[in-house]
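Just so we're clear, the structure is a prediction, and the values are computed from it rather than from any experiment.
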Amino acid sequence: MDNKPAPMDLPTPNKLVEEEDDDSMLNNKKLGGIKTMPFILANEICDRFASSGFHSNMITYLTQELNMPLVQASNTLTNFGGTASFTPLIGALIADSFAGRFWTITVGSIIYELGLVSITLSAVLPSLRPPPCPTQQNCQEASTFQLWILYISLLLTSLGTGGIRPCVVTFAADQFGSDKVITGPSKKWNFFNWYYFSMGLATLTALTVVVYVQENVGWGWGLGIPTIAMIVSIIAFVIGSPLYKKIEPGGSPLIRLAQVIVAAFKKRKETAPENPKLLYQNKELDAAISLHGRLVHTDQYKWLDRAAVVTESESVSSNPPNLWRLVTVHRVEELKTIIRMLPIWAAGILLVTSSSHLHSFVIQQARTMDRHLSKSFEIPPASLSIFGILTTLSGLVLYERLFVPLARRFTGHPSGVTCLQRMGIGFVINIVATIVSSFIEIKRKSVAAHHNLLDDPKAIVPISVFWLVPQFCLHGIAEVFMSVGHLEFLYDQSPESMRSTAAALYWTAISMGNYIGTLLVSLVHKYTGENSNWLPDRNLNRGKLEYYYWLVSGIQVLNLIYYIICAYLYTYKPLEEVTEEEEEDGEFNGKKISEKGVELTVNETA
């Protein structure tokens, strides 16, 4: 079958850009920038403060106020945590397809606020919770109606999260205009680190102030403060609306991916040309989804190239063509890019599975330990997370100021290490943290046994709660490498028109990990027997929590081996970059820039 050479750009009657579009482009260039950050970060800081204050101590609310058994309470939170991490995929598709990021964030925040109001009312009204049970023995559990109030509240917050999580970080990054990410002193490279720093600071404040109020003042105010903070976040975000650069959605990314698959299937009997320049390209058609450069052809998954083969029966004079039969190289490469990212993305699922319940179990451990900072003050169990947050905050500063310059001397890489290397280091540290957790649990139970306290679930074991600090610090260091590296990877390597969807993949991995974690905990609880259950409902002293930690450590080791193989085989996306002069002219000549681990600017490439 002969293939017609496809011109690099098809002649169209509307080749010249309209003056109105030029004015719109110039106005858009004046928007955004650093002046928008106070509004966006104020929104996200208040949102993170609200969500952290709401979720961090929720295991205590369920077990102490609603009298739920430990495993049921932990599974409930993990399941809704999984839902809250899945809904961002829906929110991202809505934002990328038609709504745009600004309106998706705004509507999602309002829905989240409704959930906070609902659960605050349940904490204030006695009829919406069971009678108190100070002894935690033979307690009356919450009624079906009371549980439904809880579930509706958690569902609303999960749905609201779907509009916020995938869009805020990408919406903020959009304000800088340039697509030069992750390299050297780039503004956006700093943005990812300082974005995470700001969120950590908000979380730290919530874990100290809100958790203290919940433990010592009451749950009405303890949940009311996050509710008020969320209102403030919505107001701050909406006030900044006139300053934002709002990138128009480029149409449903899922439809574009489906069009490539369908077109490739329909032309499965065609032979792709040896010269990739003969494949169909159309700059004008791809303009809205390649503002900062088009993806160039790669040799991987060449069977998808058939979707861009121009056959004799197809007319390329129409603009656009039938995209279910003929697509551009850029669109084919979008699908290839997503396929290449999926194995790396999947490695995060089992990591979340391993750590999904650790926070709930550590809070229950802390509740049995000596938490006195003085004779009159006890640190709330959920506030122990501040040590992990403090480690993350200080680690982010040290990472950028010390680790990157030092690593750059050895690797020559602008960012010290690649995103994939950064993630790999995080995987290793996380394994060490889980192993340390098992030894600390063994120590705690040995002290309880020495003082004959194993059969008293309410007894305070005479061992300092600060034995739990090392594992929090290790998890905090792992966050600096794994979480930020994962976010950088998904943003940098995804097609630019799918950035919200790529950010949603981050949360979808968390969602799937939480659901698998719930299944794992349920199976462990079911099949480890009644007399020596690893995860008992009421008395953790008679459990085998350290066995569970060893189990998840083994899972993480296997996951690390899988990740190393995937990272070694990964191919970074090549891109034709648009210079500022070419962007103003509305066209570009396509300078291919690809470096192992990053996209380099033209100057850096030179």
Side-chain angles (χ1 to χ4, degrees), residues 59 63 69-79 81-82 85 346-369 384-385 388 423-424 426-446 448-449 454 467-468 470-479 482-483 509-565:
I59 187 68
T63 56
L70 173 61
V71 171
Q72 181 186 351
S74 183
N75 282 344
T76 297
L77 293 181
T78 304
N79 286 337
S85 298
I349 296 175
L350 284 182
L351 178 67
V352 175
T353 297
S354 302
S355 59
S356 59
H357 287 70
L358 297 188
H359 181 71
S360 297
F361 294 148
V362 170
I363 289 179
Q364 295 305 105
Q365 286 176 280
R367 195 167 291 281
T368 69
M369 303 170 75
L384 283 173
S385 297
M423 290 170 61
F427 276 116
V428 174
I429 297 174
N430 218 66
I431 294 172
V432 175
T434 309
I435 295 174
V436 168
S437 300
S438 67
F439 289 124
I440 293 174
E441 173 62 5
I442 292 173
K443 174 67 176 178
R444 187 192 70 84
K445 290 202 303 180
S446 68
L454 291 178
W467 277 85
L468 298 173
Q471 67 194 65
F472 279 105
C473 293
L474 286 170
H475 282 298
I477 297 173
E479 283 276 303
M482 175 59 200
S483 295
I510 295 176
S511 172
M512 297 175 68
N514 280 333
Y515 288 134
I516 299 174
T518 296
L519 177 62
L520 178 65
V521 167
S522 298
L523 292 175
V524 168
H525 180 67
K526 181 177 180 179
Y527 291 106
T528 53
E530 295 183 2
N531 297 327
S532 59
N533 198 286
W534 291 11
L535 305 171
D537 283 326
R538 298 291 179 185
N539 189 359
L540 197 61
N541 295 332
R542 283 296 182 183
K544 302 289 184 182
L545 184 58
E546 67 275 15
Y547 290 1
Y548 176 78
Y549 285 145
W550 291 342
L551 173 64
V552 297
S553 296
I555 293 174
Q556 290 182 74
V557 169
L558 295 176
N559 191 51
L560 175 62
I561 296 172
Y562 162 80
Y563 173 78
I564 291 174
I565 295 173

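For W550, the CH2 atom is densely surrounded, since the number of other residues' heavy atoms within 6.0 Å is greater than 12.
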Would you sort out whether Y548 and F361 count as a ring-ring contact (aromatic ring centres under 6.0 Å, His included), showing the intermediate values? CA-CA 11 Å; Y548 176 78; F361 294 148; 5.7 Å; yes
CA sep, side-chain torsions, deciding dist, call: F439, I442, side chain to side chain contact (heavy atoms under 4.5 Å, CB included): CA-CA 5 Å; F439 289 124; I442 292 173; 4.3 Å; yes
Taking it one step at a time, do L558 and L350 satisfy side chain to side chain contact (heavy atoms under 4.5 Å, CB included)? CA-CA 9 Å; L558 295 176; L350 284 182; over 6 Å; no
For V557 and I431: C-alpha separation, side-chain torsions, deciding distance, then whether side chain to side chain contact (heavy atoms under 4.5 Å, CB included) applies. CA-CA 7 Å; V557 169; I431 294 172; 4.1 Å; yes
How far apart are the C-alpha atoms of Q364 and T63, what are their side-chain angles, what is the distance that settles it, and do they pass the side chain to side chain contact (heavy atoms under 4.5 Å, CB included) test? CA-CA 10 Å; Q364 295 305 105; T63 56; 4.3 Å; yes
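Rounding to the nearest 0.5 Å places CZ of R367 at 10.5 Å from CG of L384. With values rounded to the nearest 0.5 angstrom, T528 atom OG1 is found 11.0 Å from Y547 atom OH. Rounded to the nearest 0.5 Å, atoms OG1 (T518) and NE2 (H525) are 13.0 Å apart. Separating the CG atom in N533 from the CG atom in L545 is a distance of 11.0 Å, to the nearest 0.5 Å.
Nearest heavy atom pair, residue L560 against residue G424, reads CD1-O, 4.3 Å. Closest of all the heavy-atom pairs between E441 and Q365 is OE1-NE2, 2.5 Å. Listed here is the closest heavy atom pair of T434 and S553: CG2-OG, 3.2 Å. When every heavy atom of A478 is checked against every heavy atom of G426, the shortest pair comes out as CB-O, 3.8 Å. Considering every non-hydrogen atom in both L77 and I59, the closest pair reads CD1-N, 3.5 Å. Smallest separation of non-hydrogen atoms from Q556 and N430: OE1-ND2, 3.0 Å.
For the pair Q471/V362, a side-chain contact is recorded, criterion being any heavy-atom separation below 4.5 Å from C-beta on.
In this structure, the side chain of N559 engages the main chain of A347 through a donor-acceptor pair within 3.5 Å. A donor-acceptor pair under 3.5 Å is formed between the side chain of K445 and the backbone N or O of G543.
Looking only at atom types and distance, the side chain of R444 has a donor-acceptor partner in the side chain of N541 under 3.5 Å away.
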